[in-house]
There are 2 protein chains.
Amino acid sequence: MTYQPKLTALADPTRRAILERLRHGAMPVGKLAAGFDVTRPAVSQHLRILQEAGLVRSRREGTHNFYSVDAAGLDELRRYLDQFWTDALAAFRAESERAATPRAHSPGRSVRARKGKKHGKR
Amino acid sequence: MTYQPKLTALADPTRRAILERLRHGAMPVGKLAAGFDVTRPAVSQHLRILQEAGLVRSRREGTHNFYSVDAAGLDELRRYLDQFWTDALAAFRAESERAATPRAHSPGRSVRARKGKKHGKR
DNA sequence: TGGGTTGGTAAGTCATGGCTTAAGGTTAGT
DNA sequence: ACTAACCTTAAGCCATGACTTACCAACCCA
């Protein structure tokens with residue numbers, strides 16, 4: 001549901017690199033930006049997107065702005081994939097079983113191509 | 001390492017919708033496309049991207065092309081997030097501890113932000 | 001062999017978003 | 001208060017990619 005911003009955030013390589021750098025602890029923007037080939041404003045913008053996605057959090061300390069990974073936000077996405085994976089695996093097993101059951105009908109055509117579809121149109 | 005295509009694939013809402021529809025079992029392209037407000041060629045293109053990312057697999061059966069979720073590919077991503085999450089959580093705990101320990105070394109050394117300009121153009 | 005399905009490919013259009021430079025806004029030090 | 005450091009916001013440029021229509025290839029069944 002709210003996975004959209006998280007996934008879009010993770011799709012960008014620079015943002016993933018940022019997360020990798022924050023992976024083991026908080027860091028101010030300047031230090032963070034020093035490791036990249038993009039300018040600091042660009043990093044700032046990425047951090048904004050990451051924060052709105054709930055993947056990082058920020059904490060002010062003087063003029064420094066420390067960013068760190070938001071484990072809770074990551075966990076949401078983690079659970080989503082977990083569940084999705086579980087379902088997909090179950091579906092795969094079910095299908096394998098059906099294919100591995102030879103007695104019933106020959107493997108010639110296990111598919112009953114139902115037609116007469118009412119196209120959902122656009 | 002190879003997460004880029006998977007994450008880019010998941011970032012698109014239509015592609016996620018496709019995966020959701022395949023979540024509980026395989027389906028031919030036509031039937032799949034019938035549920036969307038985009039044309040079948042668009043769905044075909046999305047499926048190609050999903051397949052190259054290792055998130056779906058296809059199986060031909062006559063003129064029908066059945067697509068299904070590739071649990072193994074999903075698992076890769078799942079593990080990645082899992083690990084990332086673990087690290088981030090550990091970092092968070094470590095930081096909390098440090099903050100909760102009033103004694104010992106003071107936070108004076110927080111940032112040694114010494115320059116570090118060198119922008120690598122682009 | 002020809003017609004009717006089913007699905008992928010090609011070419012072109014248009015919006016999205018990631019980057020840059022320039023400017024604004026806080027905070028700390030002297 | 002002035003100055004310097006740190007970071008964010010604004011405005012604009014340009015490549016990427018998600019869609020469309022049109023076309024083509026493979027397969028099944030009479």
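By convention in this document, chain letters (A, B, ...) are assigned in the order of the sequence lines, proteins followed by strands, and residues within each chain are numbered from 1. None of the values given here were measured: they were computed from a predicted structure.
Residue Asn65(B) places at least one side-chain N or O closer than 4.0 Å to OP1 or OP2 of dG8(C). For Thr39(B) and dT20(D), the shortest distance from a side-chain N or O to OP1 or OP2 is below 4.0 Å. Between dC6(D) and Tyr67(A), no contact under 4.0 Å exists linking OP1 or OP2 to a side-chain N or O.
Taking atom CG of Leu32(B) as the reference point, atom C1' of dG8(C) lies 14 Å away to the nearest angstrom. Taking atom CD on Gln4(B) and atom P on dT16(D), their separation rounds to 13 Å, with Å as the unit. Taking atom NE2 on His64(A) and atom P on dC7(D), their separation rounds to 5 Å, with Å as the unit. When rounded to the nearest whole Å, the span between CZ of Phe36(B) and P of dC19(D) equals 10 Å. Summarising the geometry, the separation between CZ on Arg40(B) and P on dT5(C) is reported as 12 Å, rounded to the nearest angstrom.
Residues Arg59(A) and Tyr67(A) have side chains not in contact (no heavy-atom distance under 4.5 Å, counting atoms from C-beta outward). Proximity of Gln51(A) to Leu55(A): side-chain heavy atoms (C-beta onward) are nowhere separated by under 4.5 Å. At least one side-chain heavy atom of Asn65(B) sits under 4.5 Å from a side-chain heavy atom of Ser58(B). Leu32(A) is listed as a side-chain neighbour of Leu47(A), based on a closest heavy-atom distance under 4.5 Å.
Formation of a donor-acceptor pair under 3.5 Å by the Glu61(A) side chain with backbone atoms of Phe66(A) is not found in this model. No donor-acceptor pair under 3.5 Å is formed between the side chain of Arg78(A) and the backbone N or O of Ala72(A). Side chain of Glu52(A) to backbone of Pro5(A): no donor-acceptor contact under 3.5 angstrom is found. Side-chain atoms of Arg60(A) come within 3.5 Å of backbone atoms of Gly62(A) as a donor-acceptor pair (strictly under, hydrogens ignored). Distance alone, capped at 3.5 Å, places no donor-acceptor pair between the Arg16(A) side chain and the Ile18(A) backbone. Checking side-chain atoms of Arg15(A) against main-chain N and O of Thr8(A) turns up a donor-acceptor pair under 3.5 Å.
For the helix from dT1(C)-dA30(D) to dG24(C)-dC7(D), the rotation axes defined at the first and last 5 base pairs enclose an angle of 40°, given to the nearest 10°.
For residues 41-55 of chain B, proximity to DNA chain C is found at Pro41(B), Ser44(B), Gln45(B), Arg48(B), defined as any non-hydrogen atom under 4.0 angstrom from a strand atom. DNA chain D is contacted by no residue of residues 8-23 of chain A, taking any non-hydrogen atom closer than 4.0 Å.
We find the OH-CG distance between Tyr80(B) and Leu77(B) to be 8.5 Å, quoted to the nearest 0.5 Å.
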